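Being a predicted model, the structure only gives us computed values, none of them experimental. Values below: every heavy atom of this structure, side chains too, minus hydrogens, waters and symmetry copies.
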Amino acid sequence: MLLILPASLEAAKTYQNPTDFISEQFSGAPPTAKIQTITPALQSRLSQINGSPYKSSRVRYWKKGTRTVYILEDIGKTQLITIGYVIDGQKLSNVKVLIYRESHGDDVSRTYFTKQFKSVDLKSSGKLSKKPRNIAGATMSVRTLSRMARAALLLSSAI
Amino acid sequence: MNFKRKKWIRSLHTILGIIVLVPLLLFTITGVLLNHKHELRLNDRFVKSEWIMKQYGLDLTAPSVVWELGADEFFAQYSGQYILNSSNVELDKAPLSAIKISSGFCIASEDKIHFFDHRATLIEALETGLSLPKGEIVALGTDANGKLVIRYQDGFHIADSPDLISFSPTTESAVHHWAKQGKLTASQLKQAKKTLIAEGQPLERVLLDLHSGNIFSLAGKILVDLFAIGILGLSISGLLIAKRKWKKA
């Protein structure tokens, strides 16, 4: 008998614990998290480039030297995707899907997809300097990763 | 073709034509609108109707769970929708506790606390192990100063300040007040219902469900199937009538 679970009951795939991801990015010695308030001006800019404001009025970030790490999450199709973004200077140096909760489309967690974000920065128009190739069957997840990449770069530039 | 059979086909054609007229109109209108959904921005428009909300399984009569937040404030759960006073709030997991603190409201699931300000705007979604101490959340409380106390499976933690930036271990004796469930008053029920209906359903969703018959559940789907068979019957009877006319010609 085949047991079919609704998407909401299927277990989320945890590729890496967010705390471990942060620690890894700072060679095992992560800084204390800081709080970044998303001002009305920043929300307005986020709305402009992403089509909607960021869902909360503050985010945490970890910064040491020129490296900043954000753990952001947003809805793919119906479930949240938790993503780690590492920014060195003003460019993305690492993007990793940490927790994937959708029932389909987890190809976005593969290295062949996320490595497309390496060295990407934000143009003045608000677009990424390089658009990642879409994955058939994972369009909404691809859009979420791109949207959060833009958000991470913009937030980082405002620190 | 004998006379009786001709008459029978003609009668069937007329009856089918009358029967499918109304569903055909509905099908045509919804189909044309959906064909231009981007231009018409159907996903940005919302249908705010109690009847529509009921078709989507929203029971407006009573919430499934209510937490009392004090002074006529409440947090209520209605089958997947959540109301914090007069605002719809989005949560990604079913909550297990909700409480008012000095700086706003906290709504907890076992691994997350959604922290809202007094206007029900989300300040931050705090996660255990990242922005909260590790562990499984069991309940929420406040100390005598309205600071958040979290009861975990294996202990207690208290917020160091009202902004919930950091937490320290504590004991149960720090808790002055625990989150508690309750019932909505008549005026709160009215307010919650109004808030739920105000949320609405995207017009695109409603049109899709009308077009497929989904909006009326199984009965609707069967009606759409019968409509499709009716259209087929109309076409066949029409062809048979036309065939006779061609033969005559």
Would you indicate whether [X], at its atom [atom1], is surrounded by more than 12 heavy atoms from other residues, nucleotides or ligands within a distance under 6.0 Å?
| X | atom1 | result |
| --- | --- | --- |
| Lys131(A) | NZ | no |
| Glu90(B) | CD | no |
| Lys77(A) | NZ | no |

Checklist line | For chain A, which residues of residues 157-180 of chain B have heavy atoms nearer than 4.5 angstrom | finding: Asp163(B), Leu164(B), Ile165(B)

Note to self: If the contact rule is any heavy atom under 4.5 Å from chain A, which residues of residues 109-136 of chain B qualify, in numerical order?
What the structure shows: Lys112(B), Phe115(B), Leu122(B), Ile123(B), Glu124(B), Leu126(B), Glu127(B), Gly129(B), Leu130(B), Ser131(B)

Checklist line | chain B-proximal positions within residues 16-45 of chain A [heavy-atom distance under 4.5 Å] | finding: Pro18(A), Thr19(A), Ile22(A), Ile35(A)

Item checked: Members of residues 143-159 of chain A whose heavy atoms come closer than 4.5 Å to chain B -> none

